[in-house]
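To keep things clear, I will list the structure first and then write my remarks on it.
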Amino acid sequence: MARDSSAAASPTGRGIELVMLALAAVLTTGALVLVEANQEQSLTTDLLFVGLAYLVLFSLAHVAVRKLAPYADPLILPSVALLNGLGLVMIHRLDLAYAAQAELRGRPAPSELIGAQVTWTVAGLVLFAAVLFFVRDHRTLARYGYTAGFVGLVLLALPAVLPSSISEVNGARLWIRIPGGPGIQPGEFVKILLIIFFSAYLVQKRNLLSTAGRRFLGMELPRARDLAPLLAAWGLSVAIMVFQRDLGSSLLIFGLVLVLLYTATERISWMVIGLSAFAVGATIAYQLFGHVRVRVQIWLDPFEDYEGGGFQLAQALFGLGTGGVGGTGLGAGRPDLVPFAETDFIFASLGEELGLIGLAAIMLVYLVLITRGLRSALAVRDSYGKLLATGLSFSVALQIFVVIGGVTKLIPLTGLTLPFLSYGGSSLLANYALVAILLRISHVARAPLPQRPAQPRAPIAEASTELVQRPDPANRRGGTTPTPAGEPGPAPSGPGPAGPGPSGPGPSERGRSDHS
Amino acid sequence: MPELVLQLTRGGFLALLWLFVLLALQVVRSDLYAASGLKSGVPGRSGPKPSRIRGAGRAKVARQLLVTQGPLSGTRITLDSRPILIGRADDSTLKLDDDYASTRHARISQQGDEWYVEDLGSTNGTYLERNKVTGPTRVPLGTPVRIGKTVIELRT
């Protein structure tokens, strides 16, 4: 990359990134202090060190960005830092609550979650730097498109194939648990691998897929044989739903493929076909599978089965209601009353303690993250980067919609983690890798154009092949003029005085168009 | 800890959270006015840029190149004095992914206050409106330049 005077002149945004990272660290420390104060823990200077350590951790990530992708978007990393920080504080807060609960019931305190989550955060940031280091140009990912797709499929199928003692947790088979070691949820990584694959595939096959078939209701329908990728994605989603009982991933993967297809072909008919296929799949799933029916029943009326299946969602709704507009204050609520408050329902926990005002801010931070990704997709100048950035940003958006929609009873609840907030190592690692790729694309999009010297040789090389390729009648008549005088199509040459068609020799043709 | 202090810190934390959001939106806003993903403004550092833009606005000089049709539709490139290379080559400023475009298809360069388009010996030609470009041709503002399936325009 050329580091010349023009590079110095165009702003990189690294300064504002550091400022916002510092603000995120201050917010995280403040949240931690509030939790400790409200939970009547002793306020010591240790808390400041924790905040400082957090700032140092993200400053290292910032240095990595400064070295490896100096023109990357300045807002993505601070948004991630804030979300991750709030998530850590909330998990610590739930640890305190669970310990208090256990003490009240005379049971031994459950093991703390925060230690593992901090370890995963550090690992995530290491992975973040590693991805930035190894992926110097996002277009290299396109070369591994099919490999990524294959690995993704294998990872996806693995938990379903493995014995359920290894893969099954709470009724969903999506884990790979090494005995004695940490468990991994491969589904989170599959998301990224499939985006890499589908973007590469669609860049190659885009023209084919947007070939018009029959017209119907004002839309151009794709040809029947081009439906294969969509059908494959649909089948994959159904398979995940049946074999792994993971509604969230199923929805996520199908939605991703649909959006990537639409982005690549710009045809609304793909959306219509895809959404109809989704409706059909959802109806059939509702009829056939008990676990889907239970989810829908809970969604329609969580209070009907309050003591049973609806308990979790009902408690979450009570929590959000208790929080109200302003929230109870960090550490002053009872978010531990919701089962799985630290993973799927961390949004309800935050809602109880920060209120609508806090939740709106958190959702805006997510919105900033997503729009910056989509903006990179608009700004980057190659098709693969556009599709990749769109897919990655949209996957975050869809995941947030599915989780928050589920927790707030807008849509049936499906198990997905909230990126960066929820407890879960695989989710954190995968999302840090995702953000690193987004930063790489935004770096390519925002970096100043490389200064390149004029290359007079190349056009001549082009011109020589051109004469061979185009046996134009005008060229043949006019002799061996090097000017591409003939027009290949029926495009008329407008109000030119020489009349229709290039009949004159090269020089006069050139003279005519000079003053037009 | 007294109740009043807790309530104040609670409000203070939410205010700080929104300060973060507003700061982020401020950066987004300044980026919008920078017109392009190629160059993004950052608050506090936008000293010389507005004056240049304001000065250029009076003279009706093209400041950006907008792709209006084709796969890259919506892409904007902020113009500076350097020429814009268009083609399928990897080092093009605007890299087309189009079977109808040549590796080095066309160049748009500045001479004085005007921008000129020049065909670099492409197979399928470059068209200014409906006229084929054979030599360096001035590109007025808002006039479509067609290259393969892509149409670009200069905008202020």
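Proteins get letters first, then strands, A, B, ... in listed order; numbering begins at 1 in each.
- For the options A:Ala332, A:Gly331, A:Pro78, heavy-atom pairs under 4.5 Å to chain B are most numerous at A:Pro78.
- Residues passing the side chain to side chain contact (heavy atoms under 4.5 Å, CB included) test with A:Gln39, sequence neighbours excluded: A:Val35, A:Gln41, A:Arg93, A:Leu96.
- With a 4.5 Å cut-off on non-hydrogen atoms, B:Leu16 touches chain A through its backbone and its side chain both.
- Here the straight-line distance linking atom CD1 of B:Ile77 with atom CZ of A:Arg381 works out to 5.5 Å at 0.5 Å rounding.
- Residues A:Leu27 and B:Phe13 share a closest heavy-atom pair of O-CE1, 3.2 Å.
- Ranked by non-hydrogen atom pairs under 4.5 Å with chain B, the options A:Ser376, A:Gly30, A:Gly329, A:Gly355 are led by A:Gly329.
- In terms of heavy-atom pairs under 4.5 angstrom with chain B, the leader among A:Leu378, A:Leu34, A:Thr328 is A:Leu34.
- For B:Leu22, no part lies near chain A; criterion is any non-hydrogen pair under 4.5 Å.
- Checking B:Lys95 against A:Ser383 by side-chain atom types alone, no donor-acceptor pair falls below 3.5 Å.
- For A:Thr371, no part sits under 4.5 Å from any heavy atom of chain B, backbone or side chain.
- The closest donor-acceptor contact from the side chain of B:Trp18 to the backbone of A:Ile357 lies under 3.5 Å.
- In terms of heavy-atom proximity, A:Leu75 sits nearest to B:Ala24 at CD1-O, 3.5 Å.
- Residue A:Ala264: no heavy atom, backbone or side chain, is found under 4.5 Å from chain B.
- For chain B, the nearby part of A:Leu82 is the side chain; its heavy atoms alone come within less than 4.5 Å.
- When A:Asp382, A:Ile362, A:Asn38 are compared by the number of non-hydrogen pairs under 4.5 Å with chain B, A:Asn38 comes out ahead.
- Neither the backbone nor the side chain of A:Glu353 comes within contact range of chain B; no heavy atoms are under 4.5 Å apart.
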Can you give me every donor-acceptor pair (side chain of residues 67-74 of chain B, partner residue at least two apart or in another chain, under 3.5 Å) with its distance?
residue : atom : partner  : partner atom : Å
B:Thr68 : OG1  : B:Val151 : O            : 3.2
B:Ser73 : OG   : B:Thr68  : O            : 3.3

